[in-house]
Amino acid sequence: MRYIYKDADQLLNSLADFVVVRANEAIQQHGRFSFVLSGGSSPKKLFELLASDRYRKQIDWTKVFFFFGDERYVPADHPDSNFLMAKKALFDSLQISPGQIFRMKTELAPEEAALSYEKDLQGYFMNNLVRFDLVLLGLGDDAHTASLFPHTTVLQEKESLVKALYIDKVKMNRITLTAPCINQAAAIAFLVYGPSKADAVHHVLQGGQNINEYPAQLIRPNGGALHWFLDEAAASRLQS
Ligand code: 6PG
């Protein structure tokens, strides 16, 4: 599904409503909601909206469990940390208890952090299929998503749920969920706004299949639903 909004504010409000519906459905069906957060700058406003008076009463936050799609290999109190961004914009104001937050432990060596996170996922899903209720993803100007960057080995990963890798483009290690892990989700929502994303959106949705160039093309849920939340600027190169 593709939803195109006049501007980012309309998009964010609609996506917040979408999160509320998915959360309450999951809590009703199986007593808890597993929510994977994206990093970068785009989701910050969404998190602040979900923690706002308008939305905070619409979800039983004690039943929400938070995960990360990827993490920059920096300390958890570093300004580039996706965890820190979510902590400031969402967890602190909703007083989310630490037991509900599955952070990627960047205090460990990269590979150890990836293995540790894979164990966390298997523990949460009690060694059953790791099937998140909702995975939120962003899109880079280069069509990367999570830390699945163009021309990186992780794009060919078929087994592991979590990988650590050095990304030359951003000169740092990253920890990321793999495409096979993301694609097991019940629902995936891309949150993409702004003119700088128009080329990437066009290539991913309407360009020729080339996952090395456009890694977000790897995101095809197995039986789950895929939703693109776009503003007009990001959708400006799409042919109807
Ligand atoms: C990260 C992200 C990454 C992000 C895109 C878009 O850690 O950087 O998870 O995949 O979603 O880079 O980032 P912006 O929202 O900042 O444009």
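The analysis underlying the following values was restricted to heavy atoms, covering all of them including side chains, and did not include hydrogens, waters or symmetry mates.
- By the 30° and 60° cut-offs, the orientation of the rings of Phe91 relative to Phe83 is tilted.
- Here the straight-line distance linking atom OG1 of Thr153 with atom CG of Leu155 works out to 7.5 Å at 0.5 Å rounding.
- Using a distance-only test at 3.5 Å, with no hydrogens or angles considered, no donor-acceptor pair links the side chain of Gln206 to the main chain of Leu238.
- Taking 4.5 Å as the limit, every side-chain heavy atom of Asp231 sits out of range of all side-chain heavy atoms of Asp7.
- In this structure, the side chains of Leu90 and Ile96 stay at 4.5 Å or more apart for every pair of heavy atoms.
- Partners of Ser236 under the side chain to side chain contact (heavy atoms under 4.5 Å, CB included) rule, at least two apart in sequence or in another chain, are Ala198.
- Side-chain contact between Leu191 and Leu12: present, with at least one pair of heavy atoms (C-beta onward) separated by less than 4.5 Å.
- Within 6.0 Å of CD on Gln95 lie no more than 12 heavy atoms contributed by other residues, nucleotides or ligands.
- A distance of 5.0 Å separates NZ in Lys171 from OH in Tyr166, rounded to the nearest 0.5 Å.
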Walk me through whether Val201 and Arg237 qualify under side-chain contact (heavy atoms from CB on, under 4.5 Å).
CA-CA 8 Å; Val201 169; Arg237 282 205 57 205; over 6 Å; no
Could you walk me through whether Val204 and Phe190 pass side-chain contact (heavy atoms from CB on, under 4.5 Å), step by step?
CA-CA 12 Å; Val204 171; Phe190 275 96; 5.9 Å; no
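- Closest non-hydrogen pair, Ala233 versus Pro195, comes out as CB-N, 3.6 Å.
- When hydrophobic clusters are built by joining Ile, Leu, Val, Met, Phe, Trp and Tyr residues whose side-chain heavy atoms come closer than 4.5 Å, directly or via intermediates, Phe102 is not grouped with Leu129.
- Between Leu115 atom CG and Lys163 atom NZ the span is 8.0 Å, to the nearest 0.5 Å.
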Scan the side chains in residues 134-143 for donor-acceptor partners under 3.5 Å anywhere in the protein, sequence neighbours excluded, and list what turns up.
unit_1	atom_1	unit_2	atom_2	d
Asp141	OD1	Ser196	OG	3.3
Asp142	OD1	His144	N	3.0
Asp142	OD1	His144	ND1	2.6
Asp142	OD2	His144	ND1	3.4
Asp142	OD2	Lys169	NZ	2.8

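- Closest approach of Gln217 and Arg220 over heavy atoms only: O-NE, 3.4 Å.
- Residues Ile59 and Phe33 form no side-chain contact, since every pair of their non-hydrogen atoms from C-beta on lies 4.5 Å or further apart.
- For the pair Arg54/Asn13, a side-chain contact is recorded, criterion being any heavy-atom separation below 4.5 Å from C-beta on.
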Derivation and outcome, side-chain contact (heavy atoms from CB on, under 4.5 Å), residues Glu157 and Glu159
CA-CA 6 Å; Glu157 182 61 42; Glu159 301 300 322; 3.7 Å; yes
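- Put simply, Met172 and Leu108 are part of two different groups of oily side chains (I, L, V, M, F, W, Y) that touch within less than 4.5 Å, one to the next.
- Relative ring orientation between Phe66 and Phe35 is described as tilted, the plane-to-plane angle lying within the 30° to 60° band.
- In this structure, CE on Met104 lies 9.0 Å from CG on Asn82, to the nearest 0.5 angstrom.
- Taking the six-membered ring for Trp and the full ring otherwise, Tyr3 and Phe18 have centroids separated by 6.0 Å or more.
- Counting heavy atoms from C-beta on, the side chains of His151 and Glu213 come closer than 4.5 Å.
- Between Tyr5 and Phe229, the ring planes are parallel. Angles under 30° get that label, and only those over 60° would be called perpendicular.
- Closest heavy-atom contact between Ile4 and Ala235: CD1-CB, 3.7 Å.
- Of the possible donor and acceptor atoms, one in the side chain of Thr106 sits under 3.5 Å from a partner among the backbone N and O of Val74.
- Heavy atoms of other residues, nucleotides or ligands lying less than 6.0 angstrom from CD of Gln28 number 12 at most.
- Two residues are said to be in side-chain contact when any heavy atoms from C-beta on lie closer than 4.5 Å; Ile188 and Asn183 meet this criterion.
- Separation of the Phe132 and Phe125 ring centroids falls under the 6.0 Å cut-off.
- Between Val192 and Lys197, the shortest heavy-atom distance links the atoms CG1-CB, 3.5 Å.
- For Arg72 (side chain) and Ser81 (main-chain N/O), no donor-acceptor pair under 3.5 Å exists by modelled atom type.
- Nearest heavy-atom pair, Leu148 versus Leu177, reported as atom, atom and distance to 0.1 Å: CD2-O, 3.7 Å.
- By the 4.5 Å heavy-atom criterion applied to side chains, Asp133 and Gln29 are not counted as neighbours.
- Here the OH atom belonging to Tyr117 is positioned 12.5 Å from the CD atom belonging to Gln122, to the nearest 0.5 angstrom.
- Grouping the Ile, Leu, Val, Met, Phe, Trp and Tyr side chains by contacts below 4.5 angstrom, directly or via other members, places Leu50 apart from Val21.
- Phe67 and Leu84 end up in different hydrophobic clusters when Ile, Leu, Val, Met, Phe, Trp and Tyr side chains are linked at under 4.5 Å.
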Set out, in order, the CA-CA distance, both residues' side-chain angles and the distance that settles side-chain contact (heavy atoms from CB on, under 4.5 Å) for Arg2 and Leu205, then state yes or no.
CA-CA 10 Å; Arg2 220 181 281 168; Leu205 291 177; 3.7 Å; yes
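- To the nearest 0.5 Å, atom CZ of residue Arg174 and atom OG1 of residue Thr152 are 11.0 Å apart.
- Of all heavy-atom pairs between Ile175 and Val162, the closest is CG2-CG1, 3.8 Å.
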